[in-house]
Amino acid sequence: MLSAAEVVAKILEEQPKTPKHSQGVAFAPANVALCKYWGKRHHDLNLPVTNSLSVSLGNYGTHTVIRPWEGHSDSICLNGKELTNVTNTNVANTNVTKTFVTRLTSFLDLFRHALHTKTYFRVETESNIPIGSGLASSASGFAAVVLALVELYQWQLERSSLSILARLGSGSACRSLWQGFVEWEMGENILGLDSHGKLLDNTWEDFCVGLFIINPNQKSFSSREAMKITQNTSEFYEMWPKRVAHDLDIIKCAISNRDFTLLGETAESNALSMHALMMTARPSIIYTEPATMQAWNRVFQLRQEGVKLYFTQDAGPNLKLLFLAEDAARISNEFENLLTITPMAKL
Ligand code: PMV
């Protein structure tokens, strides 16, 4: 079994090893899983136990600029704040930024190893979705870094290879290389060279995702830790792959038939099953807050009133509401400050 650094080296074997431009600039969308990824068969390579399926969020995601840097370490700026300037203790010392900097520099180390270089990078990254609150900001972040490096070095690689590179930063990032509905095929290759996203051949112009932020703060457990604890300690985990295979078939069928009710019911139930599974871990992992439950109940109530509204929830207390454009006005009246995204709307 190869390490993540060796997998990167293999993918970049025939590619330019020196920058071809002064900087690389890229954008990648965030994605929301309708059928969740929860559990790995290989930890360092982020190889999943199951397939998963997401929808990308159009213009919502991460913009990143990368250029070679003369300093003695990477220099990182997130949403206008310098994270690696040690004199700026207010910013540099919070756990959120420390984790962010460590994850990003370790990811860049994989490329330094593959390129046989000690070059550091200046990374300027702007995300228009809250970081670290289970709103998939790490997915768009790692995908944007890969795309910016591609620009900088002018690598000629298939999207599927870029998806593999992004996966090594964060599993769900492999789905952020496309707009639309994306399935992450788990693959079976021991190196994970067949474990990447694949664009589904379907669009749905009036499909909406509403970001309902209940608590914008950093979550207590990272998804990485929570996934590991669930997999290692929940006696119910063995049922999860079967459940995902079942939900995935239904979701794909619902997407092709534009059966919104079936899609919403299955996606919501898949998310709640994932959270139920986490509760059976030791220690229990509970991302749901009282306000999250209140919002669930509001969704259930509106459904009783005939509104086609469902939710999904990732590793955090915030909800992503799923609805169709015809109900957008009604739903945004019910949920304060709802950010509605229509990712596949025709321009
Ligand atoms: O990619 P990670 O390690 O942040 O894990 C993401 C896990 C979920 O967001 C909860 C589910 C998913 O499929 O995106």
Side-chain angles (χ1 to χ4, degrees), residues 4 28-57 61-62 96 99-100 103-104 106-107 127 129-146 163-178 181-186 192 195-198 209 211 218-231 237 240-241 243-244 247-248 251 266-268 270-279 281 285-288 292 311-320 322:
N31 74 76
V32 169
L34 301 172
C35 187
K36 307 295 183 190
Y37 146 58
W38 201 252
K40 304 182 194 193
R41 65 179 196 280
H42 187 285
H43 200 71
D44 293 341
L45 298 183
N46 290 336
L47 292 176
V49 171
T50 66
N51 288 18
S52 55
L53 190 148
S54 61
V55 59
S56 291
L57 294 188
T62 306
V96 182
T99 311
F100 183 87
R103 285 189 72 188
L104 183 50
S106 312
F107 188 56
S127 184
I129 42 169
I131 304 270
S133 52
L135 283 173
S137 52
S138 73
S140 56
F142 285 110
V145 166
V146 169
S163 171
I164 294 172
L165 294 174
R167 191 198 77 222
L168 298 171
S170 149
S172 56
C174 78
R175 299 185 308 237
S176 276
L177 272 298
W178 296 266
F181 293 111
V182 178
E183 181 171 5
W184 174 4
E185 297 184 337
M186 59 179 282
S195 182
H196 52 74
K198 193 173 164 209
V209 178
L211 302 185
Q218 177 80 353
K219 52 211 184 188
S220 44
F221 280 99
S222 68
S223 50
R224 189 171 281 234
E225 275 173 282
M227 209 180 271
K228 200 169 171 185
I229 296 171
T230 312
Q231 206 177 345
Y237 189 78
W240 177 247
R243 176 62 200 267
V244 169
D247 289 348
L248 199 63
I251 288 175
T266 316
E268 186 177 288
N270 181 271
L272 286 173
S273 305
M274 178 182 76
H275 284 274
L277 199 58
M278 290 188 221
M279 286 170 99
I285 295 154
I286 303 176
Y287 288 113
T288 301
T292 315
F311 65 83
T312 184
Q313 183 183 344
D314 290 299
N318 304 312
L319 295 187
K320 287 95 178 190
L322 308 174

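We count ligands from 1, going down the list as the structure has it; atoms in each ligand are counted the same way.
Under a cut-off of 6.0 angstrom, the local environment of NZ in Lys228 is sparse, with at most 12 non-hydrogen atoms contributed by other residues, nucleotides or ligands.
Contacts between Ser52 and ligand 1, counted as non-hydrogen atom pairs separated by less than 4.0 Å, are absent for every part of the residue. Contacts with ligand 1 closer than 4.0 Å are made by no heavy atom of Arg224, backbone or side chain.
Checked against a 3.5 angstrom limit, the closest N/O atoms of Tyr37 and ligand 1 fall inside it. Distances between N or O atoms of Lys36 and those of ligand 1 include no value under 3.5 Å.
Every atom of ligand 1 with a heavy atom of Ala33 under 4.0 Å away is listed here by number and element: 12 (C), 13 (O), 14 (O). With ligand atoms numbered from 1 in the order given, ligand 1 contributes 1 (O) to contacts under 4.0 Å with heavy atoms of Gly171. Within ligand 1, the atoms closer than 4.0 Å to a non-hydrogen atom of Asp314 are 8 (C), 9 (O), 10 (C), 11 (C), numbered from 1 in the order shown. Within ligand 1, counting atoms from 1 as listed, the ones closer than 4.0 Å to a heavy atom of Ser170 are 1 (O), 2 (P), 4 (O). Of all atoms in ligand 1, numbered sequentially from 1 with element shown, those under 4.0 Å from a heavy atom of Ser172 are 1 (O), 2 (P), 4 (O), 6 (C), 14 (O). Near Trp38, the atoms of ligand 1 lying under 4.0 angstrom from a non-hydrogen atom of the residue are 7 (C), 10 (C).
Neither side chain, Gln313 nor Thr292, offers a donor N or O lying under 3.5 Å from an acceptor on the other.
A salt bridge is defined here as a Lys NZ or Arg NE, NH1 or NH2 lying under 4.0 Å from an Asp or Glu carboxylate O, and Asp247 with Lys36 fails to meet this definition.
Not counting sequence neighbours, the partners of Ser273 by the side-chain contact (heavy atoms from CB on, under 4.5 Å) test are Trp240, Arg243, Ser269. Checked against ring pair (Phe, Tyr, Trp, His ring centres under 6.0 Å), Trp184 has the following partners two or more places apart in sequence or in another chain: Tyr37.
If you take CH2 on Trp38 and OG1 on Thr230, they are separated by 5.5 Å, rounding to the nearest 0.5 Å.
Under a 3.5 Å cut-off, the side chain of Ser56 and the backbone N or O of Trp178 do form a donor-acceptor pair.
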